[in-house]
Asks: 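Mind having a look at this structure? Questions to follow.
Chain identifiers are assigned alphabetically (A, B, ...) following the order of the sequence lines, protein sequences preceding nucleic acid strands; residue numbering begins at 1 within each chain.
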Amino acid sequence: MCAAPADRPVVTRFAPSPTGYLHIGGGRTALFNWLYARGRGGKFLLRIEDTDRERSTPEATAAILQGLRWLGLDWDGDAVSQFARKDRHAEVAHEMLARGTAYKCFSTAEEVAAFRAEQEAQGASYAVFQSPWRDADPATHPADKPFAIRMRAPRTGETLVEDKVQGTVRFGNEQLDDMIVLRSDGTPTYMLAVVVDDHDMGVTHVIRGDDHLNNAARQQMVYDAMGWDIPVWAHIPLIHGPDGKKLSKRHGATAVGDYQAQGYPAAGMRNYLARLGWAHGDDEFFTSAQAMEWFDLSGIGRSPARLDFKKLENICGLHIAASDDAALLHEIEGYLAAAAQPALTQGQRDLLSRALYCVKERAKTFPELLEKAHFALTSRPIVADEAAAKALDPVSRGILKTLTPRLQNVSWTKEDLEPILNEIATAHGIGFGKLAAPMRAALAGRSATPSVYDMMLVIGRNETIARLEDAAG
RNA sequence: GGCCCGUUCGUCUAUCGGUUAGGACACCAGGUUUUCAACCUGGGAAGAGGGGUUCGACUCCCCUACGGGCUGCCA
């Protein structure tokens, strides 16, 4: 059972359906596969399950690729289109037919539906559909009618799924029907396509949502029918909303792209998502390199996890603080674009770059960082917000007036600026905080900013004096 | 209805038969402070319920409750 191809290098895959944006749960599934493969020198493949022509769209495919790229989950080779492989799927279905592990079923969809309706009408619960064609003599096959190809599933005994997360899961074979592998229009069903593709792509480890756990039993039958090795299964629990219910729109952000647009750094998302349903002892804050090294199937939990935005923010704040400035600036520009905000001008870019050292440790998200860096991004005249305006009372403005002349010739370093500001505060019988407040208002137009010294150093002497004079009136 | 999975502080989790059940986020109190953030100290906070097994269960088994998934010629 479940021959784990342990001797082969690891190959994992992420196989989303392009019917919408990349869901946060899908993002985590992709992350787990990526970490597992990358941590073992294996390959991480991407396959787009676009066999449902009605619901699949190129826009959704683009959104998914974009989401993965933002998360930094690079895949090996080109993304495989499942639809493009339909001939191979059909070929395998016919091979099963030839082997006798599948059969032609001439029952129409209407007949199957009628069977179910009848069962229901009789008050009976759900019943497995048993095709009358399963053991029919080929001689009785109608020559001109379309047929579906159904799996000849065992009706007795049980199927064991050896799962790295769920353990050994048993299914009574009487519960499993003769699933259709090739539709009457010649197109493959998902159940067949995944197995054929995973096999052909050399996938060794299937890490996916546990909504597929039941499917694994059915899929094993296809592997067995074709005499192929069954991959290592790892069915991970789904992610729930903060209220414990299945994650949906009403919980807010469910798309990976939403998080980018809200200004969460990708490294923080990876870290947070990795900790959702997986743990490595007490490690909470780590890099992707560490995650690759530590990630293992045995560390995956079995209960669904809930999204906790507070924790996400905390982790993201730590990652922003730990980022180097060049990477941070680049990512902030990506955020601006994703959030449909105006791009930085060259001047803003330079100033922000110089300001990063004093704002990155005080922000949990990019919009928060940008707000803290407002002093560097804005330009005269500085418009004070309501809270800041209160600090610019007549007395304070008078004090600012006495300050500017003192700044003309001093060397522009914190060491030399500090005595001057302290002296001014002392001379007016106020604490430093009372002086800093109007300075914040004058320099940034805000009441919450980096240290006044940092702001002065970043914007420079001339701009500092100009802003102070503007405010002093 | 049937089958399958799950249930440790509010949340994410550690524990893999013997612990004062640990950590993190959040929260509360205090400290630091130039606002915000950060930081330091302290605090409250958990094994769903009931049966077993065992010298001893959060850990193993059974039942119940609750939550979730699957049950398509969707993926």
Asks: I'd like to know if the side chain of A/S81 pairs up with that of A/D50 as donor and acceptor (distance under 3.5 Å, no hydrogens or angles considered).
Replies: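 Result is yes, a qualifying pair exists.
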Asks: Enumerate all atom pairs, one protein N or O and one N or O from nucleotides 38-46 of chain B, separated by less than 3.5 Å.
Replies:
| unit_1 | atom_1 | unit_2 | atom_2 | d |
| --- | --- | --- | --- | --- |
| B/rA38 | OP1 | A/K364 | NZ | 3.1 |

Asks: Measure from NZ or CZ of A/K145 to the centre of the six-membered ring of A/F106 and say whether it is under 6.0 Å with the direction within 45° of the ring axis.
Replies: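 Ring-cation test returns no.
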Asks: Which atom pairs link the protein and nucleotides 4-7 of chain B when you take only N or O atoms and keep those under 3.5 Å?
Replies:
| unit_1 | atom_1 | unit_2 | atom_2 | d |
| --- | --- | --- | --- | --- |
| B/rC5 | O3' | A/Q166 | OE1 | 3.2 |
| B/rC5 | O2' | A/Q166 | OE1 | 3.2 |
| B/rG6 | OP1 | A/R302 | NH1 | 3.1 |

Asks: Does A/Y223 have any ring-ring contact (aromatic ring centres under 6.0 Å, His included) partners at least two apart in sequence or in another chain, and if so, which?
Replies: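 Here no residue qualifies.
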Asks: Using a cut-off of 4.0 Å on non-hydrogen atoms, how would the nucleic acid contact of A/Y453 be classed: base, sugar-phosphate, or nothing?
Replies: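 Answer is base: heavy atoms of A/Y453 come under 4.0 Å of a base.
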Asks: Checking A/R270 against A/S288: is there a side-chain donor and acceptor pair closer than 3.5 Å?
Replies: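 Distance-only check passes for A/S288 and A/R270.
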Asks: Using heavy atoms and a sub-4.0 Å distance, could you list which residues of residues 186-193 of chain A are near RNA chain B? By number, please.
Replies: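 Nucleic-acid contacts, sorted: A/T189, A/Y190, A/M191.
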Asks: Could you check how far CG of A/L276 sits from C1' of B/rA24, rounded to whole Å?
Replies: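 In whole Å, B/rA24 C1' and A/L276 CG are 14 Å from each other.
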Asks: Please check if the side chain of A/E162 supplies one atom and the backbone of A/G167 the other of a donor-acceptor pair under 3.5 Å.
Replies: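 Not a single qualifying donor-acceptor pair exists.
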Asks: For residues 147-161 of chain A, which residue pairs pass the salt bridge (charged side-chain N to carboxylate O under 4.0 Å, His left out) check, not counting sequence neighbours?
Replies: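 Of all non-adjacent pairs touching residues 147-161 of chain A, those that pass salt bridge (charged side-chain N to carboxylate O under 4.0 Å, His left out) are A/D135-A/R152, A/R155-A/D178, A/E158-A/R170.
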Asks: Could you state the atom-to-atom distance from CD1 of A/I300 to C1' of B/rA14 in whole Å?
Replies: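 Value for this atom pair: 16 Å.
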Asks: Applying the side-chain hydrogen bond (donor to acceptor under 3.5 Å, both in side chains) test to A/W233, which of A/Q219, A/H212, A/Q220 qualifies?
Replies: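 That would be A/Q220.
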Asks: Using a heavy-atom cut-off of 4.0 Å across all strands, would you classify A/H212 as base, sugar-phosphate, or nothing?
Replies: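 Base, at least one base atom sits under 4.0 Å.
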Asks: Checking all strands, does A/T51 fall into the base, sugar-phosphate, or nothing category for heavy-atom contacts under 4.0 angstrom?
Replies: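 It contacts sugar-phosphate atoms only.
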Asks: What pairs of nitrogen or oxygen atoms, one from the protein and one from nucleotides 18-22 of chain B, lie under 3.5 Å apart?
Replies:
| unit_1 | atom_1 | unit_2 | atom_2 | d |
| --- | --- | --- | --- | --- |
| B/rG22 | N2 | A/D282 | OD1 | 2.8 |

Asks: What is the base-pairing partner of B/rU41, counting Watson-Crick and G-U wobble geometry with both distances under 3.5 Å?
Replies: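 Its partner is B/rA29 (Watson-Crick or G-U wobble, both distances under 3.5 Å).
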Asks: Please determine if A/K311 and A/E313 form a salt bridge, counting it only when a charged side-chain N lies under 4.0 Å from a carboxylate O.
Replies: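 Salt bridge between A/K311 and A/E313, a charged N being under 4.0 Å from a carboxylate O: no.
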Asks: Base, sugar-phosphate or nothing for A/A305? Non-hydrogen atoms, less than 4.0 Å.
Replies: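 Result for A/A305 = sugar-phosphate.
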